[in-house]
Amino acid sequence: MSQYSLARELVTASGRPTITRDLVARWERGHQIPRSGTRRWLSVVLQVPQEQLDLAAVAARRRTRLGHAIVTTNAPAQPGHARRAQGTPPLLPVFRSRVQAGILAATLLNPDRSFSLTELAEYAGSSLASVDKENKLLEDAGILTSRREGTIRLIRANNRTSSMVGPLTELIRLTYGVPQVIAEEFGCVPHVARIMLGGVWADRFAGIPGPEPDSFQLLVVVPPDKPLDRQALGTAVARTEERLRRPVHLSVVPLGQNLDTRQIPHQRPGHPVVEVVAVRPRSAQESAGVALEGQEEIKRLLRTGQLEMAGGPSANGRPFLRLAADHIDSAEPLTETSPKSAFVLLTRAAQLIGSALLAQQGLRPSAGAAEHIVGTAVTAQFGHQFSQIELLRQRSRELDTPTSSDSHAMPVEATTYLGTARSLLATATEQIDKVSLFS
């Protein structure tokens, strides 16, 4: 039954023309709970006992939604100050509201993406008005930035000018970023049906005050007839512990054949369970790839905060390579007529090639990382050929200074680097399918 069909039948049964498709859509997305009178007509149209709908409404009111997670059972029954979206969040009480924490979790942990206000409201589990108010405060502080695309305002992290973004990102990742990190890492494990968090972190997320969690209690449910990739599971655990800097206590249980997939496993009374929606990668990741050198250098860059781990759709290098190929093709006709412009495109293409290999490993430069990090990290792992990424960047910097004696580029030099960029692209294209997630 479509949303239009359901709305039409409810209008016919109840005689209330105010029931529209938009209202049905808000019910489906969890933005609004049908009132008691409406549930009576829903019971008639859907042929579902009203008692069942009433129980569902009570459960929905007790849920706390944020990002890729939702409190699915045993949430605190009394919605006190700490439970309200506008109240101080027990998981990170330094913030003024859980809505603000949700906005920061969405934008800071996805630095390459812009969000509309509607998407931020969905992510933070709040209303458009609350999200708009918090967003204006964060924009005024320079932490977020926005632009217009037609009638839509798009918001993203202000990585380039705000010195607060880096420390805030780390703070958010260790608190409200937990669901996204777990969703990305365990979403890469084949055949994982459900992911659930319990323990102290789930208590704080649901609004129960207390100390910060020192570990994560994680339950993964898999179908009994599907083989579990133990190596991929181990990689997910190792990467999650590295990204969240706390141990993960993992339990793997089979999904019973007669078990309703919406049913929540037994948990201690009064303690919530948080279900995490898996974020699947755009393409299947190899559980084991080619053995690479330079692992210690990558670990050092991770320890010093120059690199960070990323997962989900971000762990895909192929879009970077496609854009790099476009830049190289655009640079070719400029090598004779405008060598400096060709250098700009070739430098960007080389950076994209390096970023592609890192992205395929689930790695990316951190906010505020040094410009040479991409070249350094790729050269350490994939060989001396990729040192050309840094050499090209340095040469491009010289050309960017018009007063320098090295600011002149000849067509023959641009043509040489065009061949270099094409060679790097060909090597990276050959290697990328053999690269697995870094652990």
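No hydrogens, no waters, no symmetry mates; every other heavy atom, side chains included, goes into these values.
If you check the side chains of Glu139 and Ser146, you find a donor sitting under 3.5 Å from an acceptor. Between Arg21 and Gln3, the side chains place a donor N or O and an acceptor N or O closer than 3.5 Å (distance only, hydrogens not considered). For Gln381 and Glu293, the side-chain atoms include no donor-acceptor pair closer than 3.5 Å. A donor atom on one side chain and an acceptor atom on the other are found under 3.5 Å apart for Thr427 and Gln385. Between the side chains of Gln180 and Asn110, at least one donor N or O lies within less than 3.5 Å of an accepting N or O. There is a side-chain donor-acceptor pair under 3.5 Å between Ser97 and Glu134.
The closest donor-acceptor contact from the side chain of Ser387 to the backbone of His384 lies under 3.5 Å.
The pair Lys136-Asp140 fails the salt-bridge criterion, with no side-chain N (NZ, NE, NH1 or NH2) lying under 4.0 Å from an Asp/Glu carboxylate O. A salt bridge is absent between Glu212 and Arg204; no separation between the charged side-chain nitrogens and carboxylate oxygens falls under 4.0 Å. A salt bridge links Glu149 and Arg147; the closest N-O separation between the charged side-chain nitrogens and carboxylate oxygens is under 4.0 Å. Classification of Asp54 and Arg39 as a salt-bridged pair holds, one side-chain N sitting under 4.0 Å from a carboxylate O. Taking a cutoff of 4.0 Å between a charged side-chain nitrogen and a carboxylate oxygen, Arg173 and Glu308 qualify as a salt bridge. A salt bridge is defined here as a Lys NZ or Arg NE, NH1 or NH2 lying under 4.0 Å from an Asp or Glu carboxylate O, and Glu296 with Lys299 meets this definition. Salt bridge absent: Asp400 and Arg393 never bring a charged side-chain N and a carboxylate O closer than 4.0 Å. For Glu170 and Arg245, the salt-bridge test passes: some basic side-chain N is under 4.0 Å from an acidic carboxylate O. Salt bridge annotation for Glu119-Arg113: present, with a cationic side-chain nitrogen under 4.0 angstrom from a carboxylate oxygen. Arg239 has no carboxylate O lying under 4.0 Å from a charged side-chain N of Glu184, or vice versa, which leaves the two without a salt bridge.
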Let me see the working for Phe216 and His249 under side chain to side chain contact (heavy atoms under 4.5 Å, CB included), right down to the final yes or no.
-> CA-CA 6 Å; Phe216 300 104; His249 301 297; over 6 Å; no

Could you go through the side chain to side chain contact (heavy atoms under 4.5 Å, CB included) check for Met309 and Gln361 one step at a time?
-> CA-CA 8 Å; Met309 290 185 174; Gln361 295 179 278; over 6 Å; no

How far apart are the C-alpha atoms of Arg153 and Asp132, what are their side-chain angles, what is the distance that settles it, and do they pass the side chain to side chain contact (heavy atoms under 4.5 Å, CB included) test?
-> CA-CA 10 Å; Arg153 185 154 59 103; Asp132 187 41; 2.5 Å; yes

For the pair Phe115 and Leu154, evaluate side chain to side chain contact (heavy atoms under 4.5 Å, CB included) and give the outcome as yes or no after the intermediate values.
-> CA-CA 5 Å; Phe115 293 83; Leu154 296 176; over 6 Å; no

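Of all non-hydrogen atoms in Leu346 and Leu392, the two that sit nearest each other are O-CD2, 3.3 Å. Closest non-hydrogen pair, Ala193 versus Pro223, comes out as CB-CD, 4.2 Å. Taking all atoms of both residues into account, the shortest heavy-atom contact from Glu185 to Thr240 is CB-OG1, 3.5 Å. For Ala359 against Phe320, the heavy-atom pair with the smallest separation is CB-CE1, 3.8 Å. Taking both residues in full, the closest heavy atoms of Phe386 and Ala428 are given as CZ-N, 4.3 Å, listed atom of the first, atom of the second, then distance. Minimum heavy-atom separation, Ala121 to Val131: CA-CG2, 3.6 Å.
Rounding to the nearest 0.5 Å gives a distance of 11.0 Å between SG of Cys188 and CG of Asp229. Separating the CG atom in Leu425 from the NE2 atom in His327 is a distance of 12.0 Å, to the nearest 0.5 Å. With values rounded to the nearest 0.5 angstrom, Ile373 atom CD1 is found 15.0 Å from Arg364 atom CZ. Between atom OH of residue Tyr4 and atom OG1 of residue Thr20 there is a gap of 9.5 Å, rounded to the nearest 0.5 Å. Atom CG of Leu91 and atom OH of Tyr176 lie 4.5 Å apart (nearest 0.5 Å). Distance check: Arg322 CZ to Thr429 OG1 gives 10.5 Å after rounding to the nearest 0.5 Å.
A heavy-atom distance below 4.5 Å is not found between the side chains of Thr376 and Thr379. Counting heavy atoms from C-beta on, the side chains of Arg397 and Glu371 come closer than 4.5 Å.
Applying the 6.0 Å contact sphere to CZ of Arg230 captures no more than 12 heavy atoms from other residues, nucleotides or ligands.
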